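The structure appears below as structure tokens.
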Protein chains: 2
Amino acid sequence: MWARELVMSAPGKVILHGEHAVVLGKVALAVALDLRTFLRLRPGAEGRLSVSLPGVGVRRSWDTPELRALRGRIAADCDESKPPSLEQLDALREFAGIAAGASAPESLATLAFLYMCLAISAKYGDVPSVDILVWSELPTGAGLGSSAAYAVCLAAALLMVCGAISCPLQEGESTARWTEEELTLINSWAFRGEQVIHGNPSGVDNAVGTWGGALRYQAGKITPLKRVPTLRILLTNTKVPRSTKVLVAGVKEKILKFPAIMNPVLDSIDAISQECQSVLEAMPANPSPEHYPVLEEFFDINQHHLNVLGVGHPSLDRLCQVTASHSLHSKLTGAGGGGCGITLLPPDTSPPAVEAAKQDLCACGFECWETKIGAPGVTLHSCCSLSARVLHALAQS
Amino acid sequence: MWARELVMSAPGKVILHGEHAVVLGKVALAVALDLRTFLRLRPGAEGRLSVSLPGVGVRRSWDTPELRALRGRIAADCDESKPPSLEQLDALREFAGIAAGASAPESLATLAFLYMCLAISAKYGDVPSVDILVWSELPTGAGLGSSAAYAVCLAAALLMVCGAISCPLQEGESTARWTEEELTLINSWAFRGEQVIHGNPSGVDNAVGTWGGALRYQAGKITPLKRVPTLRILLTNTKVPRSTKVLVAGVKEKILKFPAIMNPVLDSIDAISQECQSVLEAMPANPSPEHYPVLEEFFDINQHHLNVLGVGHPSLDRLCQVTASHSLHSKLTGAGGGGCGITLLPPDTSPPAVEAAKQDLCACGFECWETKIGAPGVTLHSCCSLSARVLHALAQS
């Protein structure tokens with residue numbers, strides 16, 4: 001029986017360069033965003049498994065014998081190498097009282113929880129009697145990998161409770177991470193959770209959530225970057241809603257319409273991703289301030305290219321103008337057409353300048369976070385090492 | 001002796017697409033701008049040659065025997081196939097009292113006049129006794145080909161007076177143009193005039209001034225487009241001064257710094273020029289309104305690319321924003337970094353919308369002309385066919 005109270009966290013992600021171009025086989029760089037999802041794991045009442053997701057309004061609890069019976073019916077051949085089957089998901093939906101086709105975050109989060117819990121416990125141990133509470137700094141549905149951060153935390157917690165991976169946090173340590181092998185297992189199961197939620201995810205978000213830092217993604221191949229710096233940024237949500245599907249289709253249409261004009265733009269974006277990778281990998285060994293203007297130039301160029309691809313938006317133009325008026329450089333991140341933008345904060349940016357930029361962005365009706373990219377991946381925390389804000393949020397259940 | 005009073009005009013030019021990229025071997029499209037330079041040719045007092053250029057404050061008059069003597073010394077081997085020599089120009093400067101190295105428009109305009117007058121008359125006839133007045137709708141030094149329009153008018157007038165080309169205007173006609181062969185001769189001599197003024201011009205400006213319409217320029221080769229439409233535009237001068245030399249050097253530096261990122265941008269600009277050529281050539285035969293959104297899209301894309309090349313300017317961003325707020329599309333034209341921008345006015349643009357856009361642009365401190373591109377080249381006019389405005393301007397001397 002699980003006896004410790006522990007907290008684990010996983011970062012969100014942003015696309016630094018290569019959004020849209022990646023769909024057409026070009027390189028993208030995804031980086032871990034230091035807005036994190038936290039999972040508090042506590043021993044539960046014997047024979048009860050509870051999950052509380054205050055961010056999406058979920059508070060469920062089941063008898064473990066009931067879950068064990070369900071697991072016997074559906075999870076006999078569960079494995080991290082196999083995607084969830086339609087039959088398994090139908091059975092889980094029926095058990096949890098979720099309508100077929102329900103796509104609300106609370107339904108998908110519950111379904112992913114049940115799938116991962118039963119599949120992991122079927123392979124590695126018994127259905128655990130624990131209380132799980134998840135709280136996130138990440139907004140949902142903003143393309144920031146909140147579902148992957150959730151799936152990574154769940155995978156780590158469930159694998160640890162079932163004994164499939166160790167509990168690496170030693171007495172007196174404030175944080176700890178797992179071994180490469182354990183992280184690989186966490187990532188595989190998190191990907192299954194992402195499949196429950198998204199159907200056909202790329203695997204980038206859960207890889208960033210697991211390994212943190214930065215990774216290169218091209219034609220289905222994910223390669224973590226060796227060493228990357230932690231960079232300060234502003235992350236701004238314009239809160240303009242958009243359809244990724246419509247935006248991706250629009251880019252495709254533009255390329256079909258003007259291939260000779262548009263294909264070179266994709267090549268240039270590809271080169272930006274690759275050059276940016278070189279700069280990021282050079283920075284830890286040579287932390288010269290000269291790298292920052294180059295990173296800023298890449299932001300500016302790619303923002304123009306993304307506008308050429310047709311995924312800009314007046315709100316993003318506004319975001320770029322506002323930050324430019326404080327000598328800061330921004331680009332959209334992700335699907336575009338609204339959504340989020342990131343602004344690099346070079347080390348010599350004065351705190352009043354950052355404050356002024358944030359205020360001006362908020363005055364536009366945007367939501368703005370001062371945070372970091374290149375953050376660590378899934379991490380185990382001792383409760384006493386967490387900030388008061390996080391502790392307070394996790395105490396709400 | 002020349003006995004008729006006639007007026008000829010030549011258009012200015014704007015680069016439609018391919019500025020900067022053309023320096024690196026890519027295709028550019030130059031189009032004739034219907035802001036014109038007018039030359040009034042009148043019989044002069046016997047034995048006097050006068051030239052009046054009110055726009056640059058020149059009013060000079062010489063005895064023809066004196067010019068004949070000068071010509072005997074310097075213009076023995078003058079030919080349109082030979083560039084002006086340093087010795088010839090030194091002799092002309094000395095004669096006209098212009099300091100070596102003087103680069104003010106009035107000095108260069110006087111020098112070009114003397115060179116063309118003596119060289120043309122040496123080859124084809126006698127130094128003529130005529131009064132020449134030149135007045136232009138074009139601002140000087142704004143990259144709009146005002147010196148070429150001047151040289152084209154001068155070449156046409158002097159070649160006609162000396163009998164090297166015909167006077168094609170029949171009694172009762174309002175305008176007339178020369179034959180292809182005659183235009184070729186006008187263009188060759190205009191190029192010599194441009195060499196006096198600019199040293200090493202590309203020849204694009206005088207070709208546009210001579211043939212009008214649109215032409216393609218690549219790697220030194222100038223090809224007039226077959227048939228092009230006349231398109232309504234706004235031409236806006238931000239009046240922000242800039243150095244073409246510095247801008248060109250900046251582009252080169254950026255390409256050397258990030259070749260893999262920048263070279264595809266040049267390829268995309270090249271493709272825009274070529275696609276735009278196809279659209280322009282298709283328009284006269286099929287004047288469908290569907291061409292305009294494509295031309296607008298090319299403007300938007302190229303404006304982004306020019307920003308990527310680093311030749312944008314906040315004043316040009318402003319220009320684009322202001323016109324976008326009236327649903328009109330703009331790009332910089334020429335060197336960038338300030339200077340001029342053009343805005344396409346599709347046929348369905350309402351006059352109040354044009355008026356509102358012009359007012360907003362003027363409110364930014366810009367100068368704005370509603371004009372056309374694809375205008376006719378050098379043209380001979382009967383005086384009665386000219387607008388009151390032009391007649392008034394030409395009556396000032």
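Proteins get letters first, then strands, A, B, ... in listed order; numbering begins at 1 in each. Note that the structure is predicted; figures quoted are calculated from it, not measured.
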Side chain / backbone / both / neither for A:Gln274 at chain B, heavy atoms under 4.5 Å: neither
From A:His305 atom NE2 to B:His305 atom NE2, the distance as rounded to the nearest 0.5 Å: 7.0 Å
Heavy-atom pair count under 4.5 Å with chain A, highest-scoring of B:Glu275, B:Lys254, B:Lys257, B:Glu297: B:Glu297
Region of A:Gln303 in contact with chain B, defined by heavy-atom distances below 4.5 Å: neither
Neighbour count above 12 (heavy atom, 6.0 Å) for B:Arg232 CZ: yes
Given B:Val265, B:Asn263, B:Leu266, the one that forms side-chain contact (heavy atoms from CB on, under 4.5 Å) with A:Ser268: B:Val265
For chain B, the option from A:Pro264, A:Ala271, A:Pro314 that forms the most heavy-atom pairs under 4.5 Å: A:Pro264
Contact winner vs chain A - B:Asp267, B:Asp270, B:Ile272, heavy-atom pairs under 4.5 Å: B:Ile272
Inter-residue atom distance B:Ile261.CD1 - A:Cys276.SG, 0.5 Å rounding: 9.0 Å
side-chain contact (heavy atoms from CB on, under 4.5 Å) between B:Ile301 and A:Met262, worked out: CA-CA 9 Å; B:Ile301 297 174; A:Met262 303 307 288; 4.2 Å; yes
